[in-house]
Amino acid sequence: MGVFVDSWWVLILILAVGIIRSATAAGKVRHLKWEAQYMHWSPDGEEGVVITINGQFPGPTIRARAGDTIHLQLTNKLHTEGLVIHWHGIRQIGTPWADGTASISQCAINPGETFLYRFKLDRAGTYFYHGHYGMQRSAGLYGSLIVDVAEGEKEKLEYDGEFNILLSDWWHKGSHEQEVDLSSKPMRWIGEPQSLLVNGRGQFNCSMAAHFSNSSAVPCKLRGNEQYAPYILNVHPNKTYRLRIASSTALVSLNLAIGHHKMVVVEADGNYVEPFTVDNIDIYSGDSYSVLFTTDQSPSENYWISATVRGREPHTPPALAILNYLPTSAARLPSSPPPVAPRWDDYAYSKAFSNKILALSGSPQPPPRHQRRIVLLNTQNYIDGYTKWSINNVSLTLPTTPYLGSIKYGMPDAFDARSPPDRFPRGYDVMRPAPNPNSTYGSGVYTLRFNSTVDVILQNANALKPNVSEIHPWHLHGHDFWVLGYGEGEFTDKDAAGFNLKNPPIRNTAVIFPYGWTALRFVADNPGVWAFHCHIEPHLHMGMGVVFAEGVHRINAIPNEALACGLTGKLLMSNPHN
């Protein structure tokens with residue numbers, strides 16, 4: 001009898017431990033209250049207007065663990081415009097309405113209203129968040145989102161400390177005026193940014209490294225408490241640090257380096273990669289990385305961290321931050337010049353870096369075959385004299401009713417019923433301007449069979465002007481994908497034989513190089529409606545994107561406030577218990 005009772009107690013103890021472990025694995029609920037509003041700010045020494053969150057620019061850093069649930073009440077205090085926030089790299093499994101894409105996953109949050117973003121952080125990694133309505137990212141609506149490994153798990157990387165930096169670009173012309181410029185006939189291009197920012201800090205009217213420059217740059221005279229004073233990373237000698245880097249730039253691609261220090265790339269877009277050592281890294285809008293560096297240089301010196309424009313002829317000076325070796329004073333500027341970046345149009349250098357990024361051994365491998373291939377040709381076009389970007393000759397326009405609601409509730413008239421084409425016409429010469437540069441607007445959706453394997457080939461081409469083809473970083477919402485390969489010229493079926501199916505990197509953002517193609521593979525296993533678009537803000541504003549829908553009938557319990565506009569808003573008003 002005693003043995004029987006003891007066995008019951010052992011069983012109860014085992015169950016109790018299991019329940020405790022399950023509760024731990026489930027993570028914590030983190031409650032946040034944010035207010036977004038415009039404020040005067042001096043990101044680079046010139047006062048302008050930025051969107052702040054709780055009075056901060058950039059917005060507050062969210063730090064949590066994998067398995068945690070975010071409950072974030074966002075109040076729009078912009079007074080005259082809507083607002084949403086996209087949680088870049090968070091797949092929103094089971095919560096597609098929290099993806100933060102206006103007219104796709106939710107209605108814009110009206111002035112004065114509060115919306116509850118509720119979502120689970122399903123895995124560790126380096127992420128960020130940003131506005132996804134109009135061009136609010138250009139207005140400074142962004143911040144960092146860092147997810148540590150789950151409670152009780154051990155981080156695969158070993159280091160003594162860490163930092164995170166968010167890179168961005170900045171114009172002195174406001175985002176609203178930029179929108180009008182881009183939507184004018186003829187288009188007025190917004191031009192190159194006036195400055196580059198590291199964690200919201202840059203210098204426009206002076207240079208901290210003026211004495212190393214051949215230009216007429218004026219030396220900065222800073223007390224250190226200015227809003228545009230350089231960002232400083234305080235380190236101790238002979239330690240290894242993790243530097244988390246994300247780019248929320250609206251336009252430019254960047255190259256980042258730490259003077260006299262090597263970097264080991266270990267993470268890309270929330271996924272571990274096979275470590276490799278570099279002097280600098282290319283980082284495109286929407287990318288995030290972790291690198292490890294060791295403070296093995298002279299402890300009596302400080303060193304520059306420099307971010308330089310890539311892929312566009314630079315008219316913007318580098319962003320400079322300071323790596324401060326303690327106990328040396330941070331006021332002691334580095335004695336050596338900032339790192340020299342690769343030439344802006346050295347695409348071979350950029351391609352070599354991209355090809356070094358491979359999945360860590362043991363990472364999930366892609367399915368061996370695709371079930372559908374979609375080839376997306378991006379071109380610059382005219383529509384009624386307006387300059388636009390198009391995908392397979394369709395320039396995306398978003399409907400007034402969010403796709404998530406109109407598809408879920410069977411409202412086919414809410415957007416274009418016809419699906420966009422799966423490929424561009426054969427015989428199109430991607431190396432030259434189109435003989436007919438005219439395009440058309442469209443709001444159609446690519447409907448993907450649930451759980452199917454989809455290949456997307458991003459095909460670059462010539463723009464409207466001869467001999468012009470640009471870099472485009474493409475970001476997929478709701479998914480990661482495998483980057484199977486890059487190539488030159490027009491993609492053909494023969495190119496598929498060279499796909500990397502062994503250890504392709506897993507990303508959520510991928511670049512296509514001028515006149516080239518990039519091959520991606522993903523599984524359509526996350527019910528929802530997901531944006532897939534160029535992460536360059538003006539290009540998306542001008543129509544450079546598509547929409548994928550999958551398994552929408554499987555979604556339940558969409559919050560009414562996510563769909564309280566357009567046709568779904570009328571439906572919910574007539575049937576509040578829908």
Side-chain angles (χ1 to χ4, degrees), residues 101-105 132 134-135 179 182-183 185 187 372-404 406-407 411-430 432-448 454-464 468-470 472-478 490-491 510 512 517-520 522 524 529-550 552 566:
T101 46
S103 296
I104 297 177
S105 64
H132 217 293
M135 291 181 62
E179 288 180 11
L182 295 170
S183 302
K185 185 169 66 173
M187 178 193 71
R372 182 177 180 182
R373 176 179 289 161
I374 301 173
V375 185
L376 300 178
L377 172 75
N378 63 257
T379 53
Q380 195 177 39
N381 301 89
Y382 292 119
I383 301 179
D384 299 326
Y386 294 94
T387 304
K388 298 293 178 182
W389 286 94
S390 299
I391 304 301
N392 291 353
N393 212 40
V394 178
S395 184
L396 179 65
T397 57
L398 296 175
T400 55
T401 303
Y403 291 106
L404 185 64
S406 56
I407 295 174
M411 300 176 172
D413 295 335
F415 57 91
D416 292 347
R418 194 170 75 171
S419 175
D422 272 22
R423 64 160 296 120
F424 59 96
R426 298 187 185 278
Y428 184 96
D429 188 348
V430 300
R432 293 179 174 80
N436 179 1
N438 295 305
S439 183
T440 184
Y441 295 114
S443 62
V445 173
Y446 288 95
T447 301
L448 309 178
V454 181
D455 278 9
V456 174
I457 310 298
L458 295 169
Q459 177 67 64
N460 214 339
N462 202 100
L464 284 167
V468 174
S469 185
E470 298 184 22
H472 299 287
W474 274 72
H475 171 58
L476 177 59
H477 294 227
E490 183 180 349
F491 175 85
I512 39 172
W517 55 263
T518 300
L520 316 175
F522 70 98
V529 184
W530 309 107
F532 183 44
H533 60 90
C534 179
H535 211 259
I536 293 175
E537 190 89 313
H539 292 181
L540 174 59
H541 180 73
M542 298 164 70
M544 196 173 185
V546 298
V547 178
F548 294 143
E550 63 203 60
V552 177

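Residue numbers run from 1 in the order of the sequence given.
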Measuring only between side-chain heavy atoms, which start at C-beta, is [X] closer than 4.5 Å to [Y]?
X	Y	result
Thr387	Gln380	yes
Phe522	Leu476	yes
Cys534	Pro473	yes
Pro433	Leu464	no
Ile457	Leu376	no
His541	Glu179	yes
Ser390	Asn392	no
Val547	Ile104	yes

Do [X] and [Y] have side-chain atoms, one donor and one acceptor, less than 3.5 Å apart?
X	Y	answer
Asn462	Ser469	no
Ser105	His477	no
Asn378	Asn460	yes
His539	His472	yes

Polar side-chain atom of [X] near backbone of [Y] as donor-acceptor pair, under 3.5 Å:
X	Y	answer
Ser395	Met544	no
Asn381	Asn393	no
Lys185	Asp384	yes
Gln459	Phe491	yes

Provide the closest heavy-atom pair for [X] versus [Y] in the form atom of the first, atom of the second, distance.
X	Y	value
Val454	Ile374	CG1-CD1, 4.3 Å
Glu490	Tyr428	OE1-O, 3.6 Å
Val394	Tyr441	CG1-C, 4.2 Å
Leu396	Gly545	CB-O, 3.4 Å
Ser406	Thr401	CB-CG2, 4.0 Å
Trp517	Ile512	C-CG2, 4.2 Å

Residues that Arg423 engages under side chain to side chain donor-acceptor pair (under 3.5 Å), provided they are two or more places apart: none

Can you tell me how far apart NZ (Lys388) and OG1 (Thr397) are? Round to the nearest 0.5 Å.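 Answer for the NZ-OG1 pair, Lys388 versus Thr397, is 9.5 Å.
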
Sequence neighbours excluded, which residues qualify as salt bridge (charged side-chain N to carboxylate O under 4.0 Å, His left out) partners of Glu537? Arg137

Please say which of Trp530, Tyr403, Phe532 ends up in a ring-ring contact (aromatic ring centres under 6.0 Å, His included) with Phe548. Phe532

May I ask you to check whether over 12 heavy atoms, not counting those of Tyr446, lie within 6.0 Å of atom OH?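 More than 12 within 6.0 Å, yes.
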
Val375 vs Leu377, side-chain contact (heavy atoms from CB on, under 4.5 Å): CA-CA, chis, key distance, verdict: CA-CA 6 Å; Val375 185; Leu377 172 75; 5.9 Å; no

Presence of salt bridge, Asp422 and Arg372, under 4.0 angstrom: yes

Checking side-chain contact (heavy atoms from CB on, under 4.5 Å) for the pair Glu470/Trp389: CA distance, chi angles, key distance, verdict? CA-CA 12 Å; Glu470 298 184 22; Trp389 286 94; 4.2 Å; yes

Check against side-chain contact (heavy atoms from CB on, under 4.5 Å), Val529 and Val552: CA-CA 7 Å; Val529 184; Val552 177; 3.8 Å; yes

Without placing hydrogens or testing angles, list every side-chain donor-acceptor pair under 3.5 Å for residues 411-421, not counting sequence neighbours.
residue, atom, partner, partner atom, Å
Asp416, OD1, Ser443, OG, 3.4
Asp416, OD2, Ser443, N, 2.7
Ser419, OG, Val445, O, 3.3

